[in-house]
Amino acid sequence: MKRLFFYLAGLVLCMGLVSCSEDRDLTGYADLTIGTSTYHMPIAEYVFSDGTTSVVGTNVAQTINIDFKGNSVRKYVIGYGDSYEAISNSYPFGEDFSKETDLKFVSTVDERQEYVAVCGIMTVSEYGSDSVVATFSGKMLDRSHADALAGGNADPESLEQFVKTFSGQFSAVPPKSEDN
């Protein structure tokens, strides 16, 4: 009897693990760590349009938006440079400056928090018609400090005390059509 119980418990556990991985394959996911806080978003979708890939991950209370130019497997620079030192050296950015990748995070838990990545690297390891997979890391600022930096109202050195480290990953899928 004990042996039968253990076999059934093992079968239920295996079915649960397979079910979870299948859900992730159908909905995608995004994970983000800012400083010491980690956020899991069980839904992540992507769209490629006009030369830009847009990824949105959400758990309703938190959302991550990543837009990058292109649709290939490679490394992408996030924000104004690959490191905080690089953006300090290239500041002010100038009118013709164009970011290759934008990464933004919004949380509506308790009070609204918004963060914008100012530098970093994103590595896209898979890009296909059924999914996009990437890892990323860098530095970010809250929305007001990031806007001050972008607008030329504050230099990178004066904002260094407000910089937060971030890292994460996503596996995004195309949106489900209404016909399914």
Side-chain angles (χ1 to χ4, degrees), residues 28-41 43-59 61-127 131-172:
Y29 71 92
D31 295 320
L32 174 66
T33 300
I34 303 172
T36 58
S37 300
T38 299
Y39 306 94
H40 174 68
M41 288 142 277
I43 298 170
E45 295 182 338
Y46 80 97
V47 174
F48 180 72
S49 178
D50 296 328
T52 300
T53 301
S54 297
V55 176
V56 176
T58 188
N59 65 10
Q62 287 106 11
T63 302
I64 186 171
N65 295 301
I66 304 167
D67 294 323
F68 60 97
K69 295 178 183 175
N71 61 348
S72 60
V73 173
R74 68 179 186 89
K75 288 187 179 186
Y76 293 83
V77 174
I78 299 172
Y80 302 107
D82 61 357
S83 68
Y84 205 72
E85 181 180 325
I87 68 170
S88 293
N89 293 336
S90 63
Y91 186 82
F93 307 120
E95 290 179 24
D96 295 336
F97 186 84
S98 176
K99 294 189 274 184
E100 183 178 53
T101 306
D102 281 322
L103 188 148
K104 299 172 186 146
F105 173 74
V106 176
S107 177
T108 57
V109 177
D110 297 328
E111 61 184 65
R112 185 175 178 90
Q113 296 177 316
E114 293 184 54
Y115 289 98
V116 177
V118 293
C119 64
I121 295 288
M122 179 177 70
T123 303
V124 175
S125 57
E126 294 178 34
Y127 197 112
S131 69
V132 176
V133 177
T135 58
F136 50 85
S137 64
K139 307 285 184 183
M140 58 183 13
L141 291 166
D142 64 59
R143 165 65 69 190
S144 64
H145 289 111
D147 288 348
L149 179 67
N153 300 322
D155 62 74
E157 287 180 23
S158 68
L159 296 174
E160 200 161 356
Q161 64 184 328
F162 302 107
V163 171
K164 294 189 179 268
T165 300
F166 73 89
S167 63
Q169 61 187 353
F170 67 81
S171 176

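Below, each value reflects all heavy atoms present in this structure, side chains not excepted, and no hydrogens, waters or symmetry copies. If you're wondering where the values come from, they're calculated on a predicted model, not measured in any experiment.
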**Q** Under the rule for side-chain contact (heavy atoms from CB on, under 4.5 Å), what residues qualify as partners of V133, not counting sequence neighbours?
**A** S125, E126, S131, S171
**Q** Looking only at atom types and distance, does a side-chain atom of S88 sit under 3.5 Å from a main-chain N or O of Y84, one as donor and one as acceptor?
**A** yes
**Q** What residues form a ring-ring contact (aromatic ring centres under 6.0 Å, His included) with Y91, not counting sequence neighbours?
**A** F93
**Q** My understanding is that only residues two or more places apart in sequence, or in another chain, count here; which of them pass salt bridge (Lys or Arg N to Asp or Glu O under 4.0 Å) with D147?
**A** R143
**Q** So if I apply the side-chain contact (heavy atoms from CB on, under 4.5 Å) rule between I64 and each of V106, N59, D31, L103, which one comes out positive?
**A** L103
**Q** Report the residues that fulfil side-chain contact (heavy atoms from CB on, under 4.5 Å) with T135, sequence neighbours left out, ordered by chain and then residue number.
**A** T123, Q169
**Q** Decide side-chain contact (heavy atoms from CB on, under 4.5 Å) for K139 and T165; before the verdict, give the C-alpha distance in whole Å, the side-chain angles of both, and the deciding distance to 0.1 Å.
**A** CA-CA 5 Å; K139 307 285 184 183; T165 300; 3.2 Å; yes
**Q** CD of E114 to OG1 of T63: how many Å apart, nearest 0.5 Å?
**A** 10.5 Å
**Q** Measure the OG-CG distance between S144 and N153 for me, rounded to the nearest 0.5 Å.
**A** 11.5 Å
**Q** Do the non-hydrogen side-chain atoms of V77 and T101 ever get within less than 4.5 Å of each other?
**A** no
**Q** Could you go through the side-chain hydrogen bond (donor to acceptor under 3.5 Å, both in side chains) check for T38 and T33 one step at a time?
**A** CA-CA 4 Å; T38 299; T33 300; 3.1 Å; yes
**Q** Would you compute the distance between atom OG of S49 and atom CG of N71 and round it to the nearest 0.5 angstrom?
**A** 11.5 Å
**Q** Please collect all salt bridge (charged side-chain N to carboxylate O under 4.0 Å, His left out) contacts where either partner lies in residues 66-88, sequence neighbours excluded, each pair once.
**A** R74-E100
**Q** Test side-chain contact (heavy atoms from CB on, under 4.5 Å) on Y127 and S72 and set out the steps.
**A** CA-CA 6 Å; Y127 197 112; S72 60; 6.0 Å; no
**Q** Please, which pairs that meet ring-ring contact (aromatic ring centres under 6.0 Å, His included) have at least one residue in residues 131-165, sequence neighbours excluded?
**A** H145-F162
**Q** Any idea which heavy atoms bring V124 and A134 closest together, and the distance?
**A** CA-CB, 3.9 Å
**Q** Rounded to the nearest 0.5 Å, what's the gap from CD1 on I78 to CD1 on I121? Could you check?
**A** 7.0 Å
**Q** Considering residues at least two apart in sequence or located in another chain, which fulfil the side-chain contact (heavy atoms from CB on, under 4.5 Å) criterion with A150?
**A** Y80
**Q** Sequence neighbours left out, what passes ring-ring contact (aromatic ring centres under 6.0 Å, His included) with F68? Give chain and number order.
**A** Y76
**Q** Tell me, with the steps shown, if M41 and L32 meet side-chain contact (heavy atoms from CB on, under 4.5 Å).
**A** CA-CA 8 Å; M41 288 142 277; L32 174 66; 4.1 Å; yes
**Q** With sequence neighbours left out, what residues match S137 under side chain to side chain donor-acceptor pair (under 3.5 Å)?
**A** none
**Q** With sequence neighbours excluded, give me every salt bridge (charged side-chain N to carboxylate O under 4.0 Å, His left out) pair touching residues 150-160.
**A** none
**Q** Which residue pairs satisfy the ring-ring contact (aromatic ring centres under 6.0 Å, His included) criterion with at least one member in residues 105-125, sequence neighbours excluded?
**A** Y39-F105
**Q** Verify side-chain contact (heavy atoms from CB on, under 4.5 Å) between V47 and T53, making sure each step is shown before the conclusion.
**A** CA-CA 6 Å; V47 174; T53 301; over 6 Å; no
**Q** Partners of A172 by side-chain contact (heavy atoms from CB on, under 4.5 Å), sequence neighbours excluded?
**A** A44, Y46, V55, F170
**Q** How long is the straight-line distance from CD of Q62 back to OG of S37, given to the nearest 0.5 Å?
**A** 9.5 Å
**Q** Output the distance between atom CG (L141) and atom CG (L159), rounded to the nearest 0.5 Å.
**A** 5.5 Å
